[in-house]
Participant: 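A single structure is presented below for examination.
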Amino acid sequence: MLFCLLLAAALAWFILMTWLSHQDGDHTRRTSMFWAQIFSAKGEDEQTLQRRNAALRRLAHPGLFAVWAVLVAATCRVGGLAPVWLALPLVWAWGDEATKPLVPGRHFAWPDVGLNLAGCLLGFTAYAVVAGLLL
């Protein structure tokens, strides 16, 4: 039962992060600005809001991939899956960017691949530390 829940959570997170990542240029700007406004203080000036938006867009890469890496690692461990499945987030860290040119207003960016990979490593490390402490 736990395996099914973790697998469903990992798949749902993958779908969410891929949907967010593959919105066209206008939609991705609107989505990130929406979240920047949510995390802003009332009455912030436009320049501060734009800086917050840029930071949020940068943090989204490692943040989303870190959560997915944790979910994949937990799913593999609970389900007794082969460790090769842990490569999935690492491969998609590149694949996510490689498919962006297919979306209007989006492009491939090596720095974003690096941020995605950093998120994977952060997630795998966090999972290993917590699993080592709890199990």
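Values in this document were obtained by computation on a predicted structure and should not be read as measured data.
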Participant: Among all residues two or more places apart in sequence or in another chain, which pass the side-chain hydrogen bond (donor to acceptor under 3.5 Å, both in side chains) test with Glu46?
Facilitator: Gln50

Participant: Between atom CG of Asp24 and atom OG1 of Thr28, what is the distance when rounded to the nearest 0.5 Å?
Facilitator: 8.5 Å

Participant: Who passes ring pair (Phe, Tyr, Trp, His ring centres under 6.0 Å) against Phe124, sequence neighbours left out?
Facilitator: none

Participant: Report the residues that fulfil salt bridge (charged side-chain N to carboxylate O under 4.0 Å, His left out) with Asp26, sequence neighbours left out, ordered by chain and then residue number.
Facilitator: Arg29

Participant: So, using side-chain contact (heavy atoms from CB on, under 4.5 Å) as the criterion, who are the partners of Val70 when residues are at least two apart?
Facilitator: Tyr127

Participant: CD1/Ile15 to CG/Leu11 distance, rounded to the nearest 0.5 angstrom?
Facilitator: 6.0 Å

Participant: Suppose we screen for side-chain contact (heavy atoms from CB on, under 4.5 Å). Which residues come up paired with Glu44, at least two apart in sequence or across chains?
Facilitator: Ser40, Ala41, Thr48, Arg52

Participant: Under the salt bridge (charged side-chain N to carboxylate O under 4.0 Å, His left out) test, which residues partner Arg106, sequence neighbours left out?
Facilitator: none

Participant: Which residues pass the side-chain hydrogen bond (donor to acceptor under 3.5 Å, both in side chains) test with Ser32, sequence neighbours left out?
Facilitator: Asn53, Arg57

Participant: Name each donor-acceptor pair under 3.5 Å that joins a side chain in residues 93-102 to protein atoms two or more places apart or in another chain, with its distance.
Facilitator:
residue	atom	partner	partner atom	Å
Asp96	OD1	Ser21	OG	2.9
Asp96	OD2	Ser21	OG	3.0
Glu97	OE1	Ala109	N	3.1
Glu97	OE2	Lys100	NZ	2.6
Thr99	OG1	His22	NE2	2.6
Thr99	OG1	Gly95	O	3.0
Thr99	OG1	Asp96	O	3.1
Lys100	NZ	Ser21	OG	3.2

Participant: For Ile38, which fellow cluster members are found when Ile, Leu, Val, Met, Phe, Trp and Tyr are connected by side-chain heavy-atom distances below 4.5 angstrom, either directly or through intermediates?
Facilitator: Phe34, Trp35, Phe39, Leu56

Participant: Could you work out, with side-chain contact (heavy atoms from CB on, under 4.5 Å) as the rule, every residue matching Leu64, not counting sequence neighbours?
Facilitator: Trp13, Met17, Leu20, Ala60

Participant: Not counting sequence neighbours, list each pair that qualifies as a side-chain hydrogen bond (donor to acceptor under 3.5 Å, both in side chains) and has a residue in residues 111-123.
Facilitator: Arg58-Asp112, His61-Asn116

